[in-house]
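Take a look at the structure set out below.
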Amino acid sequence: VTFASVFATQVFIIHFKTINKMATTYKLVQRRDMHKGATAGAKLYYAQAKSLGTSDMERLCSMISERSTVSSADVKAVLDSLIYVMKLELSDGKIVKLGEFGNFRVTFGSNGTVTEKEFNASKIRRPKYTFAPGKALREQAKVLTFEKVVPEKPKETGEDDRPVIE
């Protein structure tokens with residue numbers, strides 16, 4: 001760990017705290033109580049992350065270009081190349097390390113067999129890409145704040161919500 005990487009992480013966290021006044025939102029969902037010894041049919045409320053929208057590639061490229069000396073098109077070209085190279089490396093069985101951003105790796109499960117001889121590659125289930133956040137994202141997660149989203153209740157007018165045709 002270098003002084004520069006520690007300093008960069010701290011600057012990121014301070015910068016994030018000052019620009020991100022929005023809280024991460026959640027909603028409550030009721031699910032079966034999975035605790036050992038829970039009574040049959042018992043339910044508890046749990047928090048579930050609630051997205052407030054998406055940021056697509058165009059938006060991210062625009063935001064990055066505003067913070068740098070490269071155009072949005074250049075950012076997009078680099079990210080497209082990153083995706084291409086990541087696919088090659090992951091297909092080759094490598095873990096892709098992107099510094100403080102995090103790591104990507106291939107994971108998969110399989111159906112079991114009684115003996116090793118019975119096992120073949122067809123027993124492997126569809127692979128997935130797993131992301132493990134790096135230090136910068138883990139540190140940022142420590143400073144998140146949370147806000148409950150109250151679901152909108154439909155209006156109870158007793159009428160149909162379809163337009164009236166005269």
Which donor-acceptor pairs under 3.5 Å do side chains of residues 43-51 form with protein atoms, sequence neighbours excluded?
residue	atom	partner	partner atom	Å
S51	OG	G53	N	3.0
S51	OG	G53	O	2.7

Subject >> side chain to side chain contact (heavy atoms under 4.5 Å, CB included) between R59 and T54, intermediate numbers included >> reply: CA-CA 9 Å; R59 176 175 164 78; T54 60; over 6 Å; no

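- Between the side chains of S71 and S65, no donor-acceptor pair is found at a separation under 3.5 Å.
- Not counting sequence neighbours, R138 has no partner by the side chain to side chain donor-acceptor pair (under 3.5 Å) test.
- Y129 has its side chain within reach of V106: a pair of non-hydrogen atoms, C-beta onward, lies under 4.5 Å apart.
- A distance of 11.0 Å separates CD of E89 from CG of L82, quoted to the nearest 0.5 Å.
- Considering all non-hydrogen atoms of both residues, N103 and I95 come closest at CB-CG2, 4.1 Å.
- Between the side chain of D92 and the backbone N or O of K94, no donor-acceptor pair lies under 3.5 Å.
- Scanning for salt bridge (Lys or Arg N to Asp or Glu O under 4.0 Å) contacts around D56 gives an empty result, with sequence neighbours left out.
- Contact annotation: the side chain of Y26 never approaches that of E147 to less than 4.5 Å [non-hydrogen atoms, C-beta and beyond].
- The side-chain heavy atoms of V96 and L90, taken from C-beta on, include a pair separated by under 4.5 Å.
- Separating the OG1 atom in T25 from the NZ atom in K27 is a distance of 10.5 Å, to the nearest 0.5 Å.
- In this structure T69 satisfies the side chain to side chain donor-acceptor pair (under 3.5 Å) test with no other residue, sequence neighbours excluded.
- Between F101 and F131, the ring centre distance stays below 6.0 Å.
- Taken to the nearest 0.5 Å, the OG atom of S68 stands 12.0 Å off from the CE atom of M63.
- Residues V78 and Y84 do not share a hydrophobic cluster, clusters being chains of Ile/Leu/Val/Met/Phe/Trp/Tyr side chains in contact below 4.5 Å.
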Using a 3.5 Å cut-off and no angle test, enumerate the donor-acceptor pairs between side-chain atoms of residues 115-127 and protein atoms at least two apart in sequence or in another chain.
residue	atom	partner	partner atom	Å
T115	OG1	E118	N	3.3
T115	OG1	E118	OE1	3.1
E118	OE1	V114	N	3.3
E118	OE1	T115	N	2.9
N120	OD1	S122	N	2.9
N120	OD1	S122	OG	2.3
R125	NH1	S110	O	3.1
R125	NH1	N111	OD1	3.1

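- With sequence neighbours excluded, the residues forming a side chain to side chain contact (heavy atoms under 4.5 Å, CB included) with M57 are C61, K76, L79, D80, I83, listed by chain and number.
- Looking at S62, its side chain never comes within 3.5 Å of a backbone N or O of E58 through a donor-acceptor pair.
- In the hydrophobic clustering of ILVMFWY residues, with side-chain heavy atoms under 4.5 Å counting as a link, L52 and L60 come out apart.
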